[in-house]
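A short worksheet on the structure shown next.
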Amino acid sequence: MSEALRVGIAGLGTVGASVLKILRDKGEMLTRQCGKEIIVTAVSARDAKRDRGVDFSSATWFDDPIALARSNNIDVFIELIGGDEGPARASVEAALRSGRHVVTANKALLAKHGVALAKIAEDKGVLLNFEAAVAGGIPVIKALRESLTGNTVSRVYGIMNGTCNYILTRMWDEGISFEDCLADAQRLGYAEADPTFDIEGNDTAHKLAILTSLAFGTQIAADDIYLEGISNISLADIKAADELGYRIKLLGVALKTDSGIEQRVHPTMVPVESVIAQVHGVTNAVAIETDLLGELLLSGPGAGGAATASAVIGDLADIAKSRPGFQHGPVFGTPAKALAPYKRARMRAHEGGYFIRLTVHDRAGVFAAIAKRMADNDISLESIVQRQSAHDQPEATKTVILVTHETTEAAVKKALEGIVKDGHATDKPQMIRIERAG
Ligand SMILES: NC(=O)c1ccc[n+]([C@@H]2O[C@H](COP(=O)([O-])OP(=O)(O)OC[C@H]3O[C@@H](n4cnc5c(N)ncnc54)[C@H](OP(=O)(O)O)[C@@H]3O)[C@@H](O)[C@H]2O)c1
């Protein structure tokens, strides 16, 4: 049996405490699988006295995670603190520079500093593993980094935020408003006290930025993502989508186009018969489209202590199984120095179908004027229907719902500007992009 692998864990919250419990409960199995024992020799968190439901008294306590990261008593540093700066960044950097392998679940850190950290890891010949950072327990990082080597990826898209999917699922299933669903999600612990980061799409964007780099061999460009959250999705949209054969999901999409890469996070209509439309509640799913495989869909729990810890343990086991002196593969599948610059495709050039919901004055000629604005911008319509006002709308309005054939974002934006300028719309038009999905 080889020498034991010594592990230091910084952050003993939801994920950190779960990792400790799994290492305690499954120690024998892991030793058998890895050919060596995994021992937690050091831990760090803010409060040394807090009961974490697991005994770690045999490990050395560090108040300072950076000192833990530099400790000679560890081979692997597991960062489970969170945040893109502060102690998380400083401790991961310190561990890598000290020649320690690192495992982290920190998507915010990787989205911002992933390439720089990968360069340090590769220079030092150590591993930086981060399976838990995207879609929790779903092994999508390994799939893209290792299993799909040799495939040319054309598109990656997915549901990567459980809070948003929970809210959209309940709005659809139960006809409950966005605000009421969000309040329930907070009560049940699915949403943070400040849910902005989740519902406005930032969390999905961090994960998408990491997947884009892995899928297309480009530098991470988390600030170059088109972002729209779900807070303006109404029950009227959900109902209309249902009638048209779609479901609304918050998708992160990375797509290779002739002019660059589209990275976008926004509410999206997907055909009700597509597999991704069947992903409900807090479940996550990531679809990867490649030349050799067609479409691969991975679905499962995207958060929670046990599911996230499962990915952390898998990463740790890879380190335990790696052979000393053996050259490790690059952190993002392509050596960090060889990652291509990211070239953004302009959103106005995005091509696809669109759902448009307009609330308009109920007067003669409006319907024809809307159709004309669409035709003037070369937009071909799959359907256009007129509805009576809903109860909560003023008397003299009507709802007009349009579904376009494939067109460009620029054309749709121009047509909608025209409709607003004509004075027909009483509210801001609602526009939801339709995504092709298998
Ligand atoms: N929770 C999930 O479902 C999930 C899923 C995927 C990825 N992640 C990622 O996993 C990471 C951890 O998430 P979590 O949910 O476990 O967070 P958490 O429950 O808030 O735990 C954070 C831990 O970090 C410790 N900490 C904070 N500041 C510290 C400092 N300056 N020095 C040392 N320790 C410090 C805290 O100590 P105290 O306990 O003493 O306050 C706590 O133990 C984050 O990057 C998150 O994005 C989480």
Side-chain angles (χ1 to χ4, degrees), residues 8-22 40 42-54 56 59-71 77-92 94-95 102-114 117 128-141 158-166 185 188-195 197-198 202-207 209-211 222 282-284 286 300-316:
I9 305 179
L12 302 175
T14 307
V15 184
S18 289
V19 169
L20 277 176
K21 282 179 199 148
I22 296 169
V40 179
V43 291
S44 175
R46 274 178 304 209
D47 182 354
K49 296 203 173 65
R50 180 176 298 171
D51 179 8
R52 301 178 191 270
V54 54
F56 51 84
T60 308
W61 176 271
F62 282 79
D63 282 328
D64 178 8
I66 303 163
L68 187 162
R70 293 200 184 111
S71 159
F77 176 70
I78 305 185
E79 184 276 308
L80 299 169
I81 298 171
D84 59 8
E85 297 293 345
R89 181 186 177 193
S91 61
V92 166
V102 170
V103 176
T104 179
N106 191 336
K107 57 233 157 196
L109 176 70
L110 289 162
K112 196 162 172 191
H113 302 295
L117 294 171
L128 168 58
N129 286 347
F130 54 92
E131 186 63 72
V134 180
I138 304 174
V140 63
I141 303 296
I159 296 169
M160 291 176 262
N161 184 275
T163 306
C164 289
N165 207 43
Y166 169 83
L188 292 165
Y190 295 147
E192 304 281 339
D194 177 3
F197 212 69
D198 288 324
N202 307 76
D203 175 72
T204 302
H206 280 158
K207 297 166 184 169
I210 295 168
L211 293 185
V282 291
T283 306
N284 281 200
V286 179
T308 311
S310 158
V312 172
I313 297 285
D315 278 350
L316 183 59

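Both ligands and their constituent atoms are indexed starting at 1 by order of listing.
Taking 4.5 Å as the limit, some side-chain heavy atom of L12 sits within range of a side-chain heavy atom of F56. I210 places a side-chain heavy atom less than 4.5 Å from the side chain of I141. Residues T104 and L128 are in side-chain contact: their nearest non-hydrogen atoms beyond the backbone lie under 4.5 Å apart. Side-chain contact between H206 and F197 is present, with heavy atoms from C-beta onward closer than 4.5 Å.
The protein heavy atom nearest to atom 42 (C) of ligand 1 is G13 N, 3.7 Å. Scanning the protein for heavy atoms near atom 5 (C) of ligand 1, the closest one is T308 OG1, 3.2 Å. For atom 25 (C) of ligand 1, the nearest protein heavy atom (residue, atom name, distance) is G11 CA, 3.9 Å. For atom 12 (C) of ligand 1, the closest heavy atom belonging to the protein is L80 O, 3.3 Å. In terms of protein heavy-atom proximity, atom 48 (C) of ligand 1 is nearest to V15 CG2, 3.6 Å. Ranking the protein heavy atoms by distance from atom 10 (O) of ligand 1 puts A105 CB, 3.4 Å first. Nearest protein heavy-atom neighbour of atom 19 (O) of ligand 1: T14 N, 2.9 Å. Annotation: atom 44 (C) of ligand 1 to nearest protein heavy atom, G82 CA, 3.7 Å.
Between the side chain of N106 and the backbone N or O of G83 there is at least one donor-acceptor pair closer than 3.5 Å. Remark: side-chain polar atoms of E131 are paired, donor with acceptor, to backbone N or O of V140 under 3.5 angstrom.
One option in P65, G304, G83 has a heavy atom closer to atom 2 (C) of ligand 1 than any other, and that option is G304. The option with the heavy atom closest to atom 39 (O) of ligand 1, from among R46, K49, R52, is R52.
For ligand 1, the atoms sitting less than 4.0 Å from at least one non-hydrogen atom of L12 are 23 (C), 42 (C), 43 (O), numbered in the order shown with element in parentheses. Under a 4.0 Å criterion applied to the non-hydrogen atoms of S44, ligand 1 contributes the atoms 33 (C). Residue A132 approaches ligand 1 through these ligand atoms, each under 4.0 Å from one of its heavy atoms: 6 (C), 7 (C). Those atoms of ligand 1 that come under 4.0 Å of a heavy atom in A303, given as number and element, are 3 (O). Of all atoms in ligand 1, listed by their number and element, those nearer than 4.0 Å to a heavy atom of D47 are 40 (O).
Taking 4.0 Å as the cut-off, G136 does not count as a neighbour of ligand 1 on heavy-atom distance. Proximity of A10 to ligand 1 is not established, as no heavy-atom distance is less than 4.0 Å.
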Please report the C-alpha distance between V134 and N284 in whole Å, then the side-chain angles of each, then the deciding distance to 0.1 Å, and finally whether the side-chain contact (heavy atoms from CB on, under 4.5 Å) criterion is met.
CA-CA 10 Å; V134 180; N284 281 200; over 6 Å; no

One pair to check against side-chain contact (heavy atoms from CB on, under 4.5 Å): V43 and W61. What are the steps and the verdict?
CA-CA 5 Å; V43 291; W61 176 271; 3.7 Å; yes

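Tested against I9 for a side chain to side chain contact (heavy atoms under 4.5 Å, CB included), the candidates L80, L316, V312 yield a single pass: L80. If you run side chain to side chain contact (heavy atoms under 4.5 Å, CB included) between L109 and each of K112, H113, K107, only H113 comes through.
Of the N or O atoms in G305, none lie within a sub-3.5 Å distance of an N or O in ligand 1.
Only the side chain of P87 comes within contact range of ligand 1, with a heavy atom under 4.0 Å; no backbone atom does.
Within a 6.0 Å radius of CZ in R70, other residues, nucleotides and ligands contribute 12 heavy atoms or fewer.
Between the CE atom of M160 and the CG atom of D203 there is a distance of 9.5 Å, given to the nearest 0.5 Å.
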